[in-house]
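These numbers come from a predicted model, not from an experiment. Hydrogens, waters and symmetry mates are skipped; everything else that's a heavy atom, side chains included, is used.
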Amino acid sequence: MKHIIPAVIVSVLFALSPAYAGNCGGENHAHNIQEMASNYFNQMDANSDEIITKEEFEASPMAKMIKSFDDLEPNKRGEVTKGAFIETMVKMHPETKNEA
């Protein structure tokens with residue numbers, strides 16, 4: 001069960017990834033999971049302090065995609081740090097090399 005919630009979060013976030021598709025000159029274009037996770041986190045982090053509070057989450061567009069703030073697995077202070085968010089995303093979706 002512990003890994004199901006992050007998997008759901010990552011699945012939702014990857015469903016949003018077409019918004020970041022495009023040419024390499026695109027401002028929001030991401031090449032790897034760390035960049036994508038950082039972009040998604042930044043959408044929720046209204047004050048850019050690298051911490052997401054429940055209030056920031058609820059005011060963000062991501063609140064429509066993710067069922068509950070608790071799904072982000074906040075720490076004991078009720079916050080989600082950028083590092084923890086990115087780490088979870090990386091663990092759930094390790095990068096693979098594209099072979100042509």
Side-chain angles (χ1 to χ4, degrees):
M1 181 76 173
K2 183 177 181 181
H3 295 289
I4 292 173
I5 292 172
V8 170
I9 293 169
V10 171
S11 296
V12 168
L13 295 177
F14 274 111
L16 297 174
S17 63
Y20 291 102
N23 65 36
C24 289
E27 179 179 331
N28 292 324
H29 183 74
H31 289 274
N32 63 45
I33 189 66
Q34 290 92 348
E35 290 174 12
M36 286 178 59
S38 180
N39 286 335
Y40 292 132
F41 186 93
N42 292 341
Q43 288 181 24
M44 294 182 277
D45 186 15
N47 64 0
S48 302
D49 64 354
E50 297 196 355
I51 295 171
I52 300 171
T53 63
K54 186 172 185 175
E55 292 77 21
E56 285 176 308
F57 168 76
E58 289 175 349
S60 78
M62 299 301 283
K64 295 177 184 172
M65 305 295 174
I66 300 171
K67 190 178 191 181
S68 165
F69 178 71
D70 292 332
D71 290 346
L72 298 178
E73 297 183 5
N75 61 24
K76 292 177 184 178
R77 292 179 291 198
E79 303 168 334
V80 179
T81 64
K82 188 171 192 173
F85 182 83
I86 292 172
E87 184 179 316
T88 298
M89 292 272 297
V90 169
K91 284 180 184 176
M92 298 306 297
H93 284 79
E95 292 187 68
T96 57
K97 293 184 180 180
N98 291 336
E99 296 183 25

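Within 6.0 Å of CD on Glu50 lie no more than 12 heavy atoms contributed by other residues, nucleotides or ligands. Counting non-hydrogen atoms of other residues, nucleotides and ligands closer than 6.0 Å to NZ of Lys82 gives a total above 12.
A distance of 10.5 Å separates CG in Asn32 from CE in Met89, rounded to the nearest 0.5 Å. Atom CD of Glu58 is separated from atom OG of Ser68 by 8.5 Å, given to the nearest 0.5 angstrom. Taken to the nearest 0.5 Å, the CE atom of Met62 stands 8.5 Å off from the CD1 atom of Ile52. For the atom pair OG (Ser48) and CG (Asn42), the distance works out to 7.0 Å, reported to the nearest 0.5 Å.
A single hydrophobic cluster is not seen to contain both Phe41 and Ile51; linkage of ILVMFWY side chains at heavy-atom distances under 4.5 Å, directly or through other members, places them apart.
Closest approach of Val80 and Pro74 over heavy atoms only: CG2-CA, 3.8 Å. The minimum heavy-atom distance between Glu56 and Ala46, with the atom names listed, is OE2-N, 3.1 Å.
Within the 4.5 Å cutoff, the side chain of Ile66 has heavy atoms near those of the Phe57 side chain. Counting heavy atoms from C-beta outward, Leu72 and Met44 have side chains that approach closer than 4.5 Å.
Side chain of Ser38 to main chain of Gln34: no donor-acceptor pair is present (N/O by atom type, distance under 3.5 Å, no hydrogens or angles).
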